[in-house]
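Down below is the structure, laid out as C-alpha cells.
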Amino acid sequence: MARYIFVTGGVVSSLGKGLSSASLAYLLQSRGFKVRIRKLDPYLNVDPGTMSPFQHGEVFVTDDGAETDLDLGHYERFSGISAKKSDNITTGRIYNDVLKKERKGKYLGKTVQVIPHITDRIKEFIKDDVAKEDFVICEIGGTIGDIESLPFAEAIRQFSNDVGKKNTMFIHLTLVPYMKASDEIKTKPTQHSVKELRSIGIQPDIIICRSERPIPYEQRKKISLFCNVDIKNVIETVDVKTIYEAPISFYNEKLDKQVLDYFKIKSKKNVNLNPWKKITKNVLNTKRSVNIAIIGKYVNLKDAYKSLDEALTHGGIANNIKVKLIRIESDKLKVSEIKKKLKDISGVLIPGGFGKRGTEGKIAAISYARKNKIPFLGICFGMQMAIIEFARNQLNIKNATSSEFGSRGTPIVGLITEWNKDGVIIKGTNKELGGTMRLGLYEARLKENSLIKKIYSSKFIKERHRHRYEVNINYKDKFEKKGMIFSALSPDKKLPEIIELKNHPWFVGVQFHPEFKSRPLAPHPLFSSFIKAAKNHR
Ligand code: GLN
C-alpha cells in the first residue's frame, strides 16, 4: 500500500512547497522507491488552462493533455516522472464532478454538502491510480488559514484517519524570518501557523522552516517544543544559490531519512546526489555566457515562461555555458529599435502565445534573425509567426495572417476543428475555451536529411502540444521552393509540425512545446542544439 505525505504551507505563500516536494520525491526515488507527486489547488477554475499568465504563471501541459499548475513542471524536472491528468485537481474540478453527479440524481435525494460529498471526492482523487506507488506526495496549494483550502485540509485530516496515521504523514512548511533590527530569528509565525493547523485537527510530523540564514539550535528547540514536533523533524531550508542545490540541501538536512524513519521503512539504496552536484557546480562556475533574447507578451513575469527558462538553462548546462536571458516585451518592441535591441544577441526565441497584441514586433524580429543568420527558435505561436513572416516577405503574400487575429487577410495559419490522434478523429472548438485545444503528446515524422532529424537523431518524435491554430499544409510546396522546409509532419501528413530554413545556420520553428519535456538531468536536444548554435554564432 502507498504511504501518503501531505505537504501544506503556512505564514506566507511562495515558500517553495513545490520544490521541497519535488526534492523529496527525488530523494525517495533515488533510495529505490516508486513515487508520485500530486497537487491539490484551492481555486475555482476547473484547471488553469483558461487563466492568464498574469494570474497564475505558466500553464504546464502533461503527456496525456492536462493543463496543469506549473508546480507539476518542477515535479517532473526533479523527479523525472511524467505527471498525468490525475495528478492535479482544483476545487473547481471537484465541485464540477459533484454537481454533475447531483444533476444526474446520483446522490439519491440526499442534501449535497461540503462534508462529506466534496471531501469524499477529494479523498477519491488522492488515492486514485496509485496502486503501484510506494509514496504519494500531495501538495496542498495556498496557505493554511485561507478559507479556500479548508475543504482540502479537512479531507486530508479525514484521509489520515481512514487509512491510519502510520500510513500518512503531514509536512508543514513555514517561514522563519530574520529580524535585522534585533538580529534575531523569529519562531512566532511558525508557532501561529502550526496552531492554525492543529485547530483543524492536523498535527504536523515534520516542519520545514524556510529561512534566510541557518536557524540556531535554541530556536529549533523552541519550534519543537511549541509545535509538538521532535527536534529531528524541525528541518531548515536556507536559500540556495541555484534550485539544483535543493535536493542536496534537503538530503544534508536528513529530510528523506526522517520520512523513512517515520514510516519505519528501510532505504533500499544509497541516495545518488552526483548528478545534482555536477549541475550545481556547472551552473555556479561557468563563466562564459551567451545572450538569448526572448520576445513575448509576459516576459517580465517571473513564472510566465517557467519551463522555457528552465529548458534554456538545461541547454546551457549541456554546452557548459551560462544562458543570459534578455527579456524583450513584444508589445513595446518598436520595429525601428530591433537592430539595436538584438545587437549583442546570439539567439532569438519567440515563445508560445495568444492574440494579436505585440505580433508585429515579433514578426519584425524574426525577419531580422532570418536575414542576419542569427539562430532562431520559434515555439508554437513563434513558429506560426515565422511562417507569416516568410509568407509576407518571401512568398509576397503581403496580407498573410492567422485567423486567430480576425477574418481579414490571407490565413496561412488557420483554425482547425478536427484532427487525428492515433487513428481517432478528435473535434476541437473555439466556442468553449477550457480544455478544447490540441493538447498533449502527438507524434511527428521527421524528414530525411533535415537539420531536425540530426538534432533528434530519430525518425519519429512525440511532443506536447497546446494550440488551436495550425499552419495550412496547402502552402507547403510554395514555402519549400523558397527555402523554408516543412521538416516534420503529423503521421497523416496534414499538419506541419516543424519548419526550418535551408540557407540559415539554425532557424527552427516547432508547433509543439519542447520545453515541457526538458529536464536538468536530461536536457532536451532542441535546446542543447539551439544553445550550441548560439554559442557558435559569436
Ligand atoms: N495561439 C496559438 C494557437 O492557439 C498558439 C498557441 C501557443 O503558442 N501555445 O494555435
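Position 1 is the first residue of the sequence; numbering continues from there.
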- Anything under 30° is parallel, anything over 60° is perpendicular, the rest tilted; go ahead and classify F263 against F135. tilted

- Message: For the NZ atom on K123, are there more than 12 heavy atoms of other groups (residues, nucleotides or ligands in this structure) within a distance under 6.0 Å?
- Response: yes

- Would you say K322 has more than 12 foreign heavy atoms packed within less than 6.0 Å of its NZ? yes

With heavy-atom distances below 4.5 Å as the criterion, would you say the side chains of [X] and [Y] are in contact?
| X | Y | answer |
| --- | --- | --- |
| Y469 | F381 | no |
| F516 | F60 | yes |
| V7 | L24 | no |
| F527 | L377 | yes |
| Q29 | K34 | no |
| R210 | V176 | no |
| Y95 | V46 | no |
| L273 | L27 | yes |

- Task: State whether F125 and R38 meet the cation-pi test: NZ (Lys) or CZ (Arg) under 6.0 Å from the six-membered ring centroid, and within 45° of the perpendicular axis.
- Result: yes

- Under the 6.0 Å and 45° cation-pi test, does R213 pair with Y178? yes

Spell out, as yes or no, whether a donor-acceptor pair under 3.5 Å connects the side chain of [X] to the backbone of [Y].
| X | Y | value |
| --- | --- | --- |
| S528 | G315 | no |
| S30 | V271 | no |
| S160 | I156 | no |
| R519 | G80 | yes |
| E236 | I215 | yes |
| D146 | T143 | yes |

For this output row, return yes or no: ring centroids of [X] and [Y] closer than 6.0 angstrom.
| X | Y | value |
| --- | --- | --- |
| W506 | F530 | yes |
| Y4 | F159 | yes |
| F6 | F170 | yes |
| F250 | W276 | no |

- Message: I'd like to know whether E515 forms a salt bridge (charged side-chain N to carboxylate O under 4.0 Å, His left out) with R464, so could you lay out the CA-CA distance, the side-chain angles of the two residues, the decisive distance to 0.1 Å, and finally the verdict.
- Response: CA-CA 9 Å; E515 69 272 26; R464 297 184 195 173; over 6 Å; no

- Taking it one step at a time, do D41 and K39 satisfy salt bridge (charged side-chain N to carboxylate O under 4.0 Å, His left out)? CA-CA 6 Å; D41 271 315; K39 174 103 196 257; 3.2 Å; yes

- Task: Quickly, which of K278, E310, R77 forms a side-chain contact (heavy atoms from CB on, under 4.5 Å) with P520? Name it, please.
- Result: R77

For [X] and [Y], work out which heavy atoms get closest and say how close.
| X | Y | value |
| --- | --- | --- |
| T286 | N320 | CG2-O, 3.3 Å |
| V471 | M383 | CG2-CE, 3.8 Å |
| V508 | V510 | CG1-CG1, 4.0 Å |

Less than 4.0 angstrom from a charged side-chain N to a carboxylate O is my criterion; do [X] and [Y] meet it?
| X | Y | answer |
| --- | --- | --- |
| R31 | D256 | yes |
| R36 | D87 | yes |
| D331 | R357 | yes |
| R438 | E497 | yes |

- Task: Might you work through the side-chain contact (heavy atoms from CB on, under 4.5 Å) test for E443 and S490, ending with a clear yes or no?
- Result: CA-CA 6 Å; E443 186 184 322; S490 58; over 6 Å; no

- Just do the salt bridge (charged side-chain N to carboxylate O under 4.0 Å, His left out) check on D47 and R93 with the steps written out, would you? CA-CA 7 Å; D47 60 40; R93 249 296 276 298; over 6 Å; no

- Task: Check the pair E196 / H172 against side chain to side chain donor-acceptor pair (under 3.5 Å), numbers first and verdict last.
- Result: CA-CA 11 Å; E196 186 84 41; H172 191 55; over 6 Å; no

- Message: Side chains of E329 and Y298: any donor to acceptor distance under 3.5 Å?
- Response: no

- Side-chain donor-acceptor pair under 3.5 Å between E148 and T91, yes or no? no

- Out of curiosity, L99 CG to N96 CG, how far, rounded to the nearest 0.5 Å? 7.0 Å

- Between R468 and E404, is a salt bridge (charged side-chain N to carboxylate O under 4.0 Å, His left out) present by the stated rule, with each step listed? CA-CA 9 Å; R468 217 179 287 286; E404 183 171 355; over 6 Å; no

